[in-house]
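Along the sequence shown, residues are numbered consecutively beginning with 1. Just so you know, ligand 1 is whichever comes first in the structure, and atom 1 is the first atom listed for that ligand.
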Amino acid sequence: MPEARTPLISGNWKMNHNHFEAIQTIQKLAYALNPEDYDHVDVSVHPPFTDLRSVQTVLQADDVPISLGAQNVHQEKSGAFTGEISAPMLQKLDVSYVIVGHSERRELFGETDELVNAKALAVLAEQMTPIVCVGETLEERRAGRAEGKVASQVAGSLAGLAPDVVGGLVLAYEPIWAIGTGETASSEDAQQMCAHIRRLVGEQWGADAAAGVRIQYGGSVKPANAPELMAEPDIDGALVGGASLDPDDFARIVNFRLYQT
Ligand code: 13P
């Protein structure tokens with residue numbers, strides 16, 4: 001039997017909180033969580049780039065077992081790329097997880113699977129873990145093309161990665177129609193797609209990779225729906241947007257087990 005996958009609950013702050021607000025938020029979150037709350041769950045927060053150093057300082061000073069994450073990265077290590085941030089820069093700030101291919105980056109900034117793949121490789125080269133996002137639009141779901149879309153995103157975004165690398169990755173299934181809309185995929189639909197993703201990983205990278213890869217669900221995860229989503233066998237965590245801005249709500253999501261019936 002492979003070891004159980006530790007759920008990863010990640011807060012994606014998106015373009016919210018200046019560095020003063022970030023300090024307040026991380027302090028409140030650290031206060032809202034007890035040491036034993038981290039026993040069976042990994043937690044990461046993904047502030048904007050300008051907040052990373054401030055949040056890192058708070059986490060280190062108080063020895064808080066929350067991992068620091070970023071929301072994006074440039075695929076090159078350095079160079080003439082005005083306005084961009086590289087993986088070595090993030091690594092120096094003790095960043096552990098980097099979101100790549102978020103649907104907002106794919107939709108609003110034209111990121112392709114090929115680019116997401118290059119970013120994932122850049123993150124891995126600095127010994128950090130990419131959180132690779134995939135997910136379909138409402139139109140694609142209605143047309144019965146959701147599974148095919150996700151399959152091509154998984155294949156393209158993870159192209160060329162070795163099985164042991166894929167086994168250590170985090171994937172996030174975020175149906176675009178459920179992001180910031182208050183609409184959540186039903187836990188059955190989310191489970192079905194996460195199982196589909198795990199099957200795809202198994203077919204392309206083998207059983208160990210499929211057993212090891214952690215698959216998060218994202219899209220209007222709230223304290224009220226987290227326990228049911230997390231109870232699904234192929235959902236190994238949550239990528240939380242709006243609700244992660246409220247430290248109490250996010251702490252309740254981290255503690256989803258306490259609310260499971
Ligand atoms: P919401 O939780 O606000 O729907 O955002 C989900 C998301 O995009 C996390 O990356």
Side-chain angles (χ1 to χ4, degrees), residues 7-17 21-22 25 29 41-49 51-52 55 66-73 90 95-109 111 116 119-120 123 128-138 140-141 146 149-150 153-154 157 169-187 189-190 193-194 197 214-230 232 235-256 259:
L8 173 64
I9 308 291
S10 303
N12 176 9
W13 295 0
K14 306 192 180 182
M15 197 172 71
N16 296 290
H17 290 338
E21 295 160 337
T25 303
L29 178 62
V41 67
D42 294 335
V43 183
S44 68
V45 292
H46 300 248
F49 288 134
D51 303 351
L52 285 174
V55 174
I66 295 175
S67 298
L68 191 55
Q71 301 175 16
N72 183 31
V73 68
L90 297 177
V95 165
S96 305
Y97 296 97
V98 183
I99 298 170
V100 295
H102 190 280
S103 63
E104 285 149 19
R105 302 238 31 112
R106 290 177 185 266
E107 297 254 296
L108 304 173
F109 302 96
E111 293 195 4
V116 175
K119 291 185 176 202
V123 170
M128 300 181 292
T129 303
I131 298 179
V132 182
C133 301
V134 297
E136 81 285 358
T137 62
L138 187 56
E140 287 160 344
R141 174 155 285 260
K149 167 73 179 294
V150 167
Q153 286 181 322
V154 169
S157 305
L169 285 184
V170 181
L171 303 182
Y173 169 55
E174 296 207 310
I176 293 169
W177 47 271
I179 295 178
T181 57
E183 253 196 73
T184 330
S186 69
S187 24
D189 283 351
M193 187 62 91
C194 290
I197 294 170
R214 291 191 284 183
I215 306 175
Q216 296 177 312
Y217 168 78
S220 298
V221 176
K222 309 287 178 209
N225 59 26
E228 193 185 325
L229 287 159
M230 294 304 121
E232 296 292 347
I235 301 179
D236 308 316
L239 185 51
V240 186
S244 74
L245 298 174
D246 180 322
D248 291 323
D249 277 357
F250 190 61
R252 282 172 62 199
I253 295 172
V254 168
N255 276 323
F256 66 88
Y259 305 94

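For the residue pair S220 and E183, no side-chain donor N or O sits within less than 3.5 Å of a side-chain acceptor on the partner. Judged by distance alone, the side chains of S103 and E174 never bring a donor and an acceptor atom under 3.5 Å apart. Under 3.5 Å, the side chains of W177 and E136 contain a donor-acceptor pair of N or O atoms.
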Quick one: table the atom pairs, ligand 1 N or O against protein N or O, below 3.5 Å, distance rounded to 0.1 Å.
from, atom 1, to, atom 2, distance (Å)
ligand 1, 2 (O), S220, N, 3.4
ligand 1, 2 (O), G241, N, 2.9
ligand 1, 3 (O), G242, N, 2.8
ligand 1, 4 (O), G180, N, 2.6
ligand 1, 4 (O), S220, N, 2.7
ligand 1, 5 (O), K14, NZ, 3.3
ligand 1, 8 (O), K14, NZ, 2.8
ligand 1, 8 (O), H102, NE2, 2.8
ligand 1, 8 (O), E174, OE1, 3.4
ligand 1, 10 (O), N12, ND2, 3.0
ligand 1, 10 (O), H102, NE2, 2.8
ligand 1, 10 (O), E174, OE1, 3.3
ligand 1, 10 (O), E174, OE2, 3.0

Verdict with reasoning, L8 to S44, per side chain to side chain contact (heavy atoms under 4.5 Å, CB included)
CA-CA 7 Å; L8 173 64; S44 68; 4.1 Å; yes
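A salt bridge does not link E111 to R106: none of the charged side-chain nitrogens sits closer than 4.0 Å to a carboxylate oxygen.
Here the options are H102, K119, H46, the test is side chain to side chain donor-acceptor pair (under 3.5 Å), and the partner is N72; only K119 passes.
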